[in-house]
Amino acid sequence: GGTIRFENVRFAYDPERQILKDVSFEAPAGKTVAIVGPSGAGKSTISRLLFRFYDVQSGRITIDGQDIRAVTQTSLRDAIGMVPQDTVLFNDTVRYNIRYGRWDATDEEVERAAELAQIDGFIRLLPKGYETEVGERGLKLSGGEKQRVAIARTILKGPPLLILDEATSALDSATEKDIQDALETVSRGRTTIVIAHRLSTIVAADEILVLEAGEIVERGSHSDLMAKG
Ligand code: ADP
Ligand code: ADP
């Protein structure tokens, strides 16, 4: 399962300014939908609504037909994996950061996730508990390495739904390509919403929505939209 639907969603942080205006779309189970648009268009607001940081003011959001207003924030956090633009890590080992939220995971499972995200070097080098720490006191990971830790955590957690909110936009273009491959590994088979500024950075999305000033102004495949310019 895992179909996400936005039905005529309207939302405003304050009454004078409508942020989302009648937004409707579906992310079918297992598919990837990309939402592209300029800064301020309302893209991240869509992910905040999915986690119920705020509730819609009219319309509704459903997951497999169930209105999310009937679902707790905790359940939503369990069901939806999120890779943000800048991952903030705990000042602890890479292993701890990958395992975070999945304390029942075995060492083998953690290592497998680290391998898929290609960050296994950081947990294999030293015995458990003595691995390099992240943060001020320890190793300073690069932006790409931090994203790999976030990806490994998401792989380990294995949620059916996934939001990638400009997950590679803080990286240089060589690193971006690398991380993009890892992201495609995570998004395979999961319902995924990819949020991006530019159409040119979107790969392998089943449908692309263009959001401008809170409205979906175009939708189609990558080639449809490229053809329109
Ligand atoms: P995007 O992700 O497309 O850049 P956002 O969804 O983050 O856009 O923001 C859409 C608009 O909502 C922006 O104009 C932003 O300033 C405004 N906004 C975001 N969060 C808040 C908030 N908590 N209170 C008031 N306005 C907000
Ligand atoms: P930029 O700032 O370079 O325009 P964006 O803010 O548009 O980047 O970020 C969107 C990012 O989402 C892209 O850099 C890309 O790596 C990533 N991305 C695009 N399509 C997919 C996909 N189908 N699966 C996973 N990640 C994707």
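In what follows, residues are counted from 1 in the order of the sequence shown. This one's a predicted model, so the numbers in the text were calculated from it and none came from an experiment. Counting starts at 1 for both ligands and their atoms, following the listed order.
- Ranking protein heavy atoms by distance to atom 14 (O) of ligand 1, first place goes to Arg17 NH2, 2.7 Å.
- Note: an N/O pair closer than 3.5 Å links Lys43 and ligand 1 by distance alone.
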Show your reasoning for whether salt bridge (Lys or Arg N to Asp or Glu O under 4.0 Å) applies to Arg112 and Glu115. CA-CA 5 Å; Arg112 177 76 187 130; Glu115 230 169 73; 3.5 Å; yes
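- Counting non-hydrogen atoms of neighbouring residues, nucleotides and ligands closer than 6.0 angstrom, the OH atom of Tyr100 reaches no more than 12 such neighbours.
- Look at Arg95 and Asp107 and you find a salt bridge, because one of the NZ, NE, NH1 or NH2 atoms lies within 4.0 Å of a carboxylate O, short of that distance.
- When hydrogens are left out, the protein atom nearest atom 8 (O) of ligand 1 is Gly42 N, 3.2 Å; that is the closest non-hydrogen contact.
- Shortest contact from atom 7 (O) of ligand 1 to any protein heavy atom: Arg48 NH2, 3.5 Å.
- When hydrogens are left out, the protein atom nearest atom 12 (O) of ligand 1 is Ile19 CD1, 3.3 Å; that is the closest non-hydrogen contact.
- Among all non-hydrogen protein atoms, the one lying nearest atom 23 (N) of ligand 1 is Tyr54 OH, 3.4 Å.
- Where the criterion is an N or O separation shorter than 3.5 Å, residue side chain and backbone included, Ala41 meets it with respect to ligand 1.
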Should Lys157 and Asp78 be marked as a salt bridge (Lys or Arg N to Asp or Glu O under 4.0 Å) after you check the CA-CA gap, both sets of side-chain angles, and the distance that decides it? CA-CA 8 Å; Lys157 190 179 165 203; Asp78 287 343; 5.4 Å; no
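- In this structure, atom 19 (C) of ligand 1 lies nearest to the protein heavy atom Tyr13 CE1, 3.4 Å.
- Atoms of ligand 1 found under 4.0 Å from any heavy atom of Ser44, numbered from 1 in the order shown, are 1 (P), 2 (O), 6 (O), 7 (O).
- Atom 10 (C) of ligand 1 has Gly40 O, 3.4 Å as its closest protein atom, hydrogens excluded (heavy atom only).
- A salt bridge links Arg102 with Glu109: the closest approach of a Lys/Arg side-chain nitrogen to an acidic carboxylate oxygen falls below 4.0 angstrom.
- Between Thr45 and the options Tyr54, Phe53, Tyr13, a side-chain contact (heavy atoms from CB on, under 4.5 Å) holds for only Tyr13.
- Residue contacts with ligand 1: Gly214 is excluded, as none of its non-hydrogen atoms falls under 4.0 Å.
- Heavy atoms of Phe53 found under 4.0 angstrom from ligand 1: none, in either backbone or side chain.
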Derivation and outcome, side chain to side chain donor-acceptor pair (under 3.5 Å), residues Thr175 and Asp178: CA-CA 5 Å; Thr175 313; Asp178 259 28; over 6 Å; no
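- Among all non-hydrogen protein atoms, the one lying nearest atom 5 (P) of ligand 1 is Thr45 OG1, 3.7 Å.
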Report the C-alpha distance between Ser44 and Asp165 in whole Å, list the side-chain angles of each, state the deciding distance to 0.1 Å, and finish with yes or no for side chain to side chain donor-acceptor pair (under 3.5 Å). CA-CA 7 Å; Ser44 295; Asp165 192 348; 3.0 Å; yes
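- In summary, the side chains of Gln147 and Thr87 do present a donor paired with an acceptor at a separation below 3.5 Å, with no hydrogens or angles considered.
- There is no protein heavy atom less than 4.0 angstrom from atom 16 (O) of ligand 1.
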